[in-house]
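Worksheet: one structure, shown below.
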2 protein chains.
Amino acid sequence: MIRVLIADDHHVVRRGLIVFLKTQKDFEVVGEAKNGLEAVELVETLQPDIVLMDLVMPEMDGIQATKRIKSKWPTIEVLMLTSFSDKDHVLPAIEAGAAGYQLKDIEPDELVNSIRKIMRGENIIHPAATTTLQEKIQEDKNLPHIQNPLTPREQDVLAELTKGKSNREIASSLFVTEKTVKTHISNIFNKLNVQDRTQAALYAVKHNLTEGSESGV
Amino acid sequence: MIRVLIADDHHVVRRGLIVFLKTQKDFEVVGEAKNGLEAVELVETLQPDIVLMDLVMPEMDGIQATKRIKSKWPTIEVLMLTSFSDKDHVLPAIEAGAAGYQLKDIEPDELVNSIRKIMRGENIIHPAATTTLQEKIQEDKNLPHIQNPLTPREQDVLAELTKGKSNREIASSLFVTEKTVKTHISNIFNKLNVQDRTQAALYAVKHNLTEGSESGV
DNA sequence: TTACATTTCAGACAAAAGTATGAGTTACCA
DNA sequence: TGGTAACTCATACTTTTGTCTGAAATGTAA
């Protein structure tokens, strides 16, 4: 059961989404928010799996709301659902931590599909928005939850980390000091957009970044 | 590729195992140890995925070696391979942290099968040894890596933990103080036989203890 | 050859995480 | 009704983690 929170200032939009998602047996709309602030509050109490977030809303816009949500509850996914596909709207959304970006003209089936993909750990960008993203990616590579630019050494560290090892153990395995491991690990967290080693390990497992090794706890 | 270390004081046994495992394309025997002490040392340098460990060996027996290995490298699995199926031999092995216990009369195919299962996170006990285990389980439930006695509340905490949350976040989600969360978490670690939250999260994911929720990083 | 990325390491902190121990509460079982 | 398990919380620590800043060595691509 995927628990969905809808955040949109237009009543019609919320109605439409709810009606449609109700036809999906494994979806449950746990709440509705009329603006970004309400969205953050409801996320806190309801702890949904995913938030369908409108970009433009009163009180607090979708970007701000997404930032707050992702910083407090990094595991809760946000799918930006809006009607703008230009650079100025897409990029901030992705940078804020949204796992996906879809235009509101999306087909219902496609929407459900997108949500499922996100829950599986994939990132979804509407084709129209992708092109504008591609350009930016060249200039600014700091969007690692889209593209993963871990260096070889960082991948080594992450692999060890994903075996449940401590910094000291990783250092010993890779024949470097604990300081070095800490440096790598900090960089990994930034690139993966996670806050700590547990999230990094879960991310690696979920996204199958653990190609090298096969053991686990 | 599953990297195997063989620890047995009988040369013939080692030969036999090696020859057989060589026929398996995804197995690699990375080393052989003639006693427990050597096994521990080789584990340190070779970092295998799994150790096939004889119970009775000179220098250091399989139980001791397993204890040391599991305490230092909890992610490395140990399959006890021996010829005793009585209580006094089986229980210490399991308590030492062995993921499996098989008699030496095991069919080669069955052995490979067991190893694969262990790598998948399952625990393997030879039928003959299972019955003696069953009895003991009633008396002594402190064998959590076999049977998981997490209380409901501990399961709640573990579920939150497996979303990548910090203690503070878990506390807020479950409406208790951080102190309480720490208590639960310490207990969980003991029961799961892991050292920290990352290992616990990986354990939960691997062993599918995350029934309740579906989200991740 | 300059510029940049990668890898290594250090010092100094701040912030979490974990452990140990004790204790009060409820709830249920024998 | 006494014992026990589960849940809660606290105090007092120790140990790890993680961040920031700075820096040196290496290799490589423009």
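The sequence lines fix the lettering, A, B, ..., with proteins before strands; numbering per chain opens at 1.
- Here D:dA10 is the nucleotide among D:dG18, C:dG18, D:dA10 with the atom lying nearest to any side-chain atom of B:K179.
- Closest to the side chain of B:T183, out of C:dG18, D:dC9, C:dC9, is D:dC9.
- Between B:R153 and B:H184, some side-chain heavy-atom pair lies under the 4.5 Å cut-off.
- Side-chain N/O atoms of B:T151 include none lying less than 4.0 angstrom from OP1 or OP2 on D:dA6.
- Side-chain atoms of A:R197 lie closest to D:dT17 of the nucleotides D:dT17, C:dA10, C:dG18.
- Phosphate proximity of D:dC7 to B:H184: absent, as no side-chain N or O sits under 4.0 Å from OP1 or OP2.
- With distances taken from any side-chain atom of A:S166 to the nucleotides D:dT17, C:dT8, C:dA16, the minimum falls on D:dT17.
- For B:V176, the listed nucleotide lying nearest its side chain is D:dT8; candidates were D:dT8, C:dA10, C:dT7.
- In the set C:dT19, C:dT8, D:dC7, C:dT19 carries the atom at the smallest distance from any side-chain atom of B:S186.
- When distances run from any side-chain atom of B:D196 to the nucleotides D:dT16, D:dT19, C:dG18, the shortest one goes to C:dG18.
- Partner A:E77 forms a side chain to side chain contact (heavy atoms under 4.5 Å, CB included) with one of A:I2, A:I118, A:D49 and no other, that one being A:I118.
- On a pure distance criterion of 3.5 Å, a polar donor-acceptor pair joins the side chain of B:K182 and the base of C:dA17.
- Here the CG-CZ distance, from A:D196 to B:R197, works out to 7.0 Å after rounding to the nearest 0.5 Å.
- When the nucleotides C:dT7, C:dA16, C:dC9 are ranked by their closest atom to the side chain of A:R153, C:dT7 comes out on top.
- A:V4 is not listed as a side-chain neighbour of A:P48, based on a closest heavy-atom distance of 4.5 Å or more.
- For A:N167, whose side chain is taken as the heavy atoms from C-beta onward, the closest listed nucleotide among D:dT17, D:dC7, C:dA16 is D:dT17.
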